[in-house]
Every structure is written in structure tokens, then in C-alpha cells.
Protein chains: 2
Amino acid sequence: MKVTRTQIVDRAYDLLRDHGLSSLSMRRVALDLGVQPGALYYHVANKQELLAVVAARVLEDFPASATDPRSAAEAFRTALLRVRDGAEVVSFVQAYRPEIVTPTATLHRLFSTRLGPRHADWAARTVVHYVLGFVAEEQNRAELVHAGVVEEAPSDAGKPDEAFLFGVDAILNGLSSTRT
Amino acid sequence: MKVTRTQIVDRAYDLLRDHGLSSLSMRRVALDLGVQPGALYYHVANKQELLAVVAARVLEDFPASATDPRSAAEAFRTALLRVRDGAEVVSFVQAYRPEIVTPTATLHRLFSTRLGPRHADWAARTVVHYVLGFVAEEQNRAELVHAGVVEEAPSDAGKPDEAFLFGVDAILNGLSSTRT
DNA sequence: ACCTGAACACCGTTCAAGT
DNA sequence: ACCTGAACACCGTTCAAGT
């Protein structure tokens, strides 16, 4: 049985998107591809590296062409929500391989028109931290609801979009009154 | 060999604080207490519940007496940094048992003087998400550095405190120009 | 009431040996 | 070059049986 790196990444991505991080194991990927677990390590260094390239794929449909921070933040969240546990995976990869989290670079570019490179960096990371924190909470909650360990709170049923944008607008508002 | 719930929580907390989340296993706790793994389940429902009470202990030295959001955010971060992977654990527990994340309530109270309950809630959660996102990244990075899988970036050696406060101030700045 | 022993169903990773 | 077989060192959780 022959396997390619692409097949491994594809299968890992599909497992994550459809069944979440707890279902994404090396052994499960190997099983689905009809191969022994050890075979994967000829194409991929370890699980961390696999997660990094899966995270890159999650962020692939984030439009680098965003013209303003607000819509960049929205697009970032949308990309994360397309995949189960998307925020958690990207969050981990951010520490492991920061350059993979492309929204940071996009936001940095957008803030650079108004702020110096140092402040633009901090500003971009502020937005990224907020988005990852917000989406991580809503996805973690969704996983727990799905597992039946916690029931949907009435406040959740409310308007997550509205709450999300409230925070984004507050941050961008505060940043716009910052000078360099 | 007799074990109490308190001993279990104490040992779990110490393992997390000193060796991080990857070292905090039910089997390790049981081994350290000289008991079989199954014995723990007489005192604790499962690992999730154990993590929840450990998270509560992490937040114990967060002063509920904070008088302004800025120092509350700082105290929140300080409490998280005292324990390895503190942000990750609290992040998970936030979805599982939100009421355990006491800084949210404290911030809510502080914002309530200026904002209505709905906006005060969103404002508190914006700050909480930012703090958790920020600290999660710095702690994840620290774990990877400690494991030797990634080397310290020069930007990290910079001023995390300054970057942190930049974001906090931007958020609070933006929130203060919000009316209800 | 509380614990042991033992199992069930999993993990990530390595590596000699095969083709 | 690439994979198998098999192991190593782990996980969380359950549960009959013992005391």
C-alpha cells in the first residue's frame, strides 16, 4: 500500500473538519489510508508538523485581499468556524509556527498605514488573540454540547455574531485613537 | 491506601504548575498518591471535573477586589502565568464551566457602572478572550521552547508586558467610547 | 465505603526487517 | 525508497471482586 504526503494531509484535514481534534489521530489517519501507523512517519516528521500544515489549509480560504481590519477579523473567524476545533489548532500552531497564521501578516499590513511597525505588530496580535479566544470558546462549547456533557446555554443561542463584532469594533476603536 | 479528594486536587495542581498539562494525567496522579488509577474515580467524576477544580485554584489568587479593568486584566494574566499551561486549562474550563472563570464576573461588575448588562457582558468577555489568547500564546511558546522543538524568537525576548498592556489599553480605550 | 486487579479501547513514536 | 510487524511507553475509564 503506497501513501503520499498529500493523501495524509487531506485525510487529516477531513477528519478535523468533520469530527474534531479528538478524532484526528495518527493511527486513525493510517487506518483510513489502509496503512500501518509507522508508515506515516516516512512522509511527515510528527503530529505537530501535520497539524501545522492542516492549520495552513484551514486558513487557505482567508482572503489575503482584505482591505480593512474589521472585515479581516470577520473573514478570520469565518475561516476558523468552517472546521471543527479550528481555533484550537490554529492557536497551537501560532506558537509553533507563527508565520502560518497569515491573518497576522494581513492585519499588520493594514495597520502599517497608520502605525509604526512595532505598534502595528502589537495591534495585529491584539486582534488575532481576541479572535482566537472568542472562537475557541464558542467551538469548545460546541464540542461539549455535541458530546452531551453540557447543555446549550440560552445566552449562546443569542447572537454570537453581534457579540463578536462588539469586541472587534471596541478594539479597532481603541486602536484608532493610538498614535505612533 | 486511602485517598481524599483534597489530596487528588492538590497533586493535580502541583503537577500542572510544575510540569504542565502534558504531565497531568489521572494515572500519574494515582501513581504519586500510591493508589490504583481506578480509585480516583470514587472521588472525582472524570478528568474534566478535576481540571475544573484545578482551574478554580489557579484563579484563587486573582483579587476579586480589583477596582479598575486595567489592573484586573493584569492580575488575571499574573494569576495565569503562575502555573504552566494556566491559560489553556482556564480556556477549556471557560467553555465547560464558565462560572469558574471569576475574572469575567469581576470585569462585568466594573463595566456595569458605565454600560448596560448586555454590553458589560460583551465587554468583560472581550477582555477575557484577549487575555486568554495572549497568555495562551506565550505559554504554548514557552512549552515548545522547554521541549526544545522551537528556539526563542528575538521578538519574544522583547517586552511581553508592554505588548500585553498595549492591547489592554487599546481595548479599554475603545470600550470607553462605547455608550449604552 | 473505598480500593484493587484487570481489562477495554485507545494514543504517538521508533525501528529492525522485509520488498 | 517505502512499508510492515512489532514493540515501547503511555492514555482515560469501567467494573467485578475484595476488604
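So that the names make sense, note that chain A is the first sequence line, chain B the second, and so on, each numbered from 1. All values reported here derive from a predicted model rather than from experimental measurement.
Here B:Glu151 does not pair with B:Arg141 in a salt bridge; the nearest charged N to carboxylate O distance is not below 4.0 Å.
Cluster membership for A:Leu165 and A:Leu80, using ILVMFWY side-chain heavy atoms within less than 4.5 angstrom, is shared.
For residues 102-111 of chain A, the set of pairs meeting the salt bridge (charged side-chain N to carboxylate O under 4.0 Å, His left out) definition, not counting sequence neighbours, is empty.
Partners of A:Asp169 according to the side-chain hydrogen bond (donor to acceptor under 3.5 Å, both in side chains) rule, which considers only residues two or more places apart in sequence or in another chain, are A:Arg70. Among residues two or more places apart in sequence or in another chain, the salt bridge (charged side-chain N to carboxylate O under 4.0 Å, His left out) test is passed with B:Arg57 by B:Asp10. For the salt bridge (charged side-chain N to carboxylate O under 4.0 Å, His left out) test, residues two or more places apart in sequence or in another chain that qualify with A:Arg5 are A:Glu49. Partners of B:Glu74 according to the side-chain hydrogen bond (donor to acceptor under 3.5 Å, both in side chains) rule, which considers only residues two or more places apart in sequence or in another chain, do not exist here. Residues meeting the ring pair (Phe, Tyr, Trp, His ring centres under 6.0 Å) test with A:Phe62, sequence neighbours left out: none. Taking A:Asp61 as the reference, A:Arg82 meet the salt bridge (charged side-chain N to carboxylate O under 4.0 Å, His left out) condition, with sequence neighbours excluded.
Taking a pair as Watson-Crick or G-U wobble with both distances under 3.5 Å, DNA chain D forms stems of 3 or more consecutive pairs at C:4-8 with D:12-16, C:12-16 with D:4-8.
Between B:His119 and A:Phe166, the distance separating the two ring centers is shorter than 6.0 angstrom.
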Expected rows: protein N/O vs nucleotides 2-5 of chain D N/O, under 3.5 Å:
{"residue": "D:dC3", "atom": "OP1", "partner": "A:Met1", "partner atom": "O", "Å": "3.3"}
{"residue": "D:dC3", "atom": "OP1", "partner": "A:Val3", "partner atom": "N", "Å": "2.5"}
{"residue": "D:dC3", "atom": "OP2", "partner": "A:His43", "partner atom": "NE2", "Å": "3.3"}
{"residue": "D:dT4", "atom": "OP2", "partner": "A:Gln36", "partner atom": "N", "Å": "2.9"}

Detail all sub-3.5 Å separations between protein N/O atoms and N/O atoms belonging to nucleotides 8-12 of chain D.
{"residue": "D:dC11", "atom": "OP1", "partner": "B:Ser25", "partner atom": "OG", "Å": "3.0"}
{"residue": "D:dG12", "atom": "OP1", "partner": "B:Met26", "partner atom": "N", "Å": "3.1"}
{"residue": "D:dG12", "atom": "OP1", "partner": "B:Lys47", "partner atom": "NZ", "Å": "2.9"}
{"residue": "D:dG12", "atom": "OP2", "partner": "B:Met26", "partner atom": "N", "Å": "3.0"}
{"residue": "D:dG12", "atom": "OP2", "partner": "B:Arg27", "partner atom": "N", "Å": "3.3"}
{"residue": "D:dG12", "atom": "N7", "partner": "B:Arg27", "partner atom": "NH1", "Å": "2.7"}
{"residue": "D:dG12", "atom": "O6", "partner": "B:Arg27", "partner atom": "NH1", "Å": "2.7"}

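Less than 4.0 Å separates DNA chain D from no heavy atom of any residue of residues 10-21 of chain B.
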For residues 15-25 of chain A, which side-chain donor-acceptor pairs fall under 3.5 Å, sequence neighbours excluded?
{"residue": "A:Arg17", "atom": "NH2", "partner": "A:Asp14", "partner atom": "OD1", "Å": "3.2"}
{"residue": "A:Ser23", "atom": "OG", "partner": "A:His19", "partner atom": "O", "Å": "3.3"}
{"residue": "A:Ser25", "atom": "OG", "partner": "A:Arg28", "partner atom": "N", "Å": "3.0"}

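A:Arg77 forms a cation-pi arrangement with A:Phe164, by the criterion of a distance under 6.0 Å to the ring centre and an angle within 45° of the ring axis.
Closest non-hydrogen pair, B:His43 versus B:Ala39, comes out as ND1-O, 3.6 Å.
As rounded to the nearest Å, D:dA9 and C:dC10 have P atoms that lie 23 Å from one another. To the nearest whole angstrom, the two C1' atoms, one in D:dC11 and one in C:dC8, are 12 Å apart.
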